[in-house]
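Below is one structure, written out as structure tokens; comments come after it.
The figures here come from the full heavy-atom set of this structure, side chains too, leaving out hydrogens, waters and symmetry mates. Being a predicted model, the structure only gives us computed values, none of them experimental. Sequence lines set the chain letters: A, B, ... in the order given, protein chains first and strands last, and positions in each chain run from 1.
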Amino acid sequence: MWIPTHQMICEPQRIIAFFLESFCSFLRLSYRGKSWCDCSELHTLSHFVVYEFFYQISCKSRFTIELKTGLIPFLMRSSAITPEMDGAQVTVAGWVHEIRDLGGLIFIVLRDREGFVQITLPKKVVDKDVFKRAKKILRESVIKVEGIVKKEEKAPNGFEIIPKSLDILNESQAPLPLEVTEKVPADLDTRLDNRFMDLRRPKISSIFKIKSQVTKSIRDFLHNQGFIEVQTPKIVATATEGGTELFPISYFEKEAFLNQSPQLYKQILMSAGFEKVYEIGPIFRAEEHNTTRHLNEATSVDIEMSFTDHEGVMQILENLIARVYEDVVTKCEKELEILEIKLEIPDTPFQRITYTEAIELLGNQIPWGEDLDLQALKSLATKIEGIYFITDWPTKIKPFYVMAHEDERISKSFDLMHNYIELASGAQREHRYERLAENIKAKGLSVESFDFYLKAFRYGIPPHAGWGLGLERLIMAMLGLSNIREAMLFPRDRTRVSP
RNA sequence: GCCCGGGUGGUGUAGUCCGGCCCAACAUGUGGGCCUGUCGAGCCCACGCCCCGGGUUCAAAUCCCGGCCCGGGCGCCA
């Protein structure tokens, strides 16, 4: 039997590590295939076992072993507790979601990051002070409860916790700025003004847990494909690409702006020989748009890849999207269930339609060479379902860095569409210096102000292609959100800069 | 930026068309009371609201003007 030495007690992290390791392997062996415990729960469960172990040692020996591993040692999450733990002592902490006071019996629904757990206080069973404190508690206060798990069929999830102690870690004020329980709806504006509380609602936090999985999947996928993650500047000197308006900022004695996209920098990195780069970062657009699908600060997923063309990066994009959907379906089951979403993994390759075909499909109402407006895209979405590419756009409506086909009116470009919403846009890039400089002039932009960029094209740059994907657009499309603001923790729009 | 709709307790709505029956209703909430199996607990009592400014009128939440704010649609948008 292993007995902790004094030195080891002084190093609680090492003891924990030791126990986690040994008990995780113990549990893996012992409970393989058992229905009540899957591997994702092992980590939390091992905490529980360690707690029990120390509890037993404390009871049976003359030593009091104090394990201080932060504020609340062996804190358990609601999702890790099961009816099979009947009789075990656990510590839970979280927010008071609801209180149902039946007089001699009080139910507290405690909410933590993982879900809900019912704390039951029968007057005759629990400590008098604990009962009194529970009577006075205000909703959304943060509490810590130590108690015994009790298997109980009448309780939600088949168990409840009978508290030995109940501490109010932080009391909430009343009334609340909005209802976390969703009994009464709140306007988006009210919700965003009180986003900290809005985000306590499982439906809302699920969006961001899924968003986290999406970014993780993107990183995993791109790393596996040999991409390296980069960070490019968000403060830039010149109004780079034209088109969109930029936010001017005060930069000492110089003029500067917030960057609209990492486009020029990721291309420079192709000249640097990085070959495959990606960046997930903020982009800023100073457009006074006021719609449910635009933000003034958004997150862009950008890739740039050498020795390939537009087709090459389109394949990366469709495989990436399919992989992201697959990961969300398999790893965010709980969140999808909370959001009541049945997600279908799109088949690859995605449907491809050229700009010219799209115009024809729309009955040639739009003159060739003009951009597809919202009405046209909405009409197109009634004819093509789900996710699809529109390729080979007219060169003149695409930015200067897009490469043209042999027929120079058409560019090697594509947009990735979900119904009528543009998710991503990409192209093979013009890597030939003379042509690129010509394009810049043709767009009425100054070649001099692009010298920091053009320089990289004079000393050997491979042919390359890339795309930019709007992360919030993707989340919005995937989860069927009606407003892109729902996909941003603290959205920035035409009027909102706070919180 | 344009067009349309809106602003009523902490939150979400009704009332505005057709001024007076509205010192404003309902739900949720909060405070108090009853209640030992709730799970949107129930029952009883109480508390709390007409965006701001100006105008019309005997009388304005309601009509008119201006402002501010919000929502939807469009435009703009590598």
Students often get this wrong, so: under 4.0 angstrom with heavy atoms, is A:K136 touching a base, only sugar-phosphate, or nothing? sugar-phosphate
When we call it a touch if two heavy atoms are under 4.0 Å apart, what does A:T181 touch: a base, just sugar-phosphate, or nothing? nothing
Whole-Å distance, A:R494 CZ to B:G71 P, equals 13 Å
With a 4.0 Å cutoff (strictly under), does any side-chain N or O of A:N483 reach OP1 or OP2 of B:G72? yes
Classify the side chain of A:H294 and the base of B:C77 as holding, or not holding, a donor-acceptor pair under 3.5 Å. yes
Across the strands shown, which category fits A:D187 at heavy-atom distances under 4.0 angstrom: base, sugar-phosphate, nothing? sugar-phosphate
Once hydrogens and angles are ignored, does a donor-acceptor distance under 3.5 Å link the base of B:G1 to the side chain of A:E287? no
Report yes or no: do A:E98 and A:T181 form a side-chain donor-acceptor pair below 3.5 Å? no
Students often mix this up, so state it plainly: with edges at 30° and 60°, are the rings of A:F450 and A:Y453 parallel, tilted or perpendicular? perpendicular
Close aromatic pair by centroid cut-off 6.0 Å: A:Y388 and A:F350: no
Can you see if the side chain of A:R139 gets near the phosphate of B:U30 - specifically, an N or O under 4.0 Å from OP1 or OP2? yes
Using a heavy-atom cut-off of 4.0 Å across all strands, would you classify A:I283 as base, sugar-phosphate, or nothing? nothing
Distance, C1' atom - from B:G33 to B:A25, rounded to whole angstrom: 25 Å
What's A:R191 touching, base or sugar-phosphate or nothing? Going by heavy atoms closer than 4.0 Å. nothing
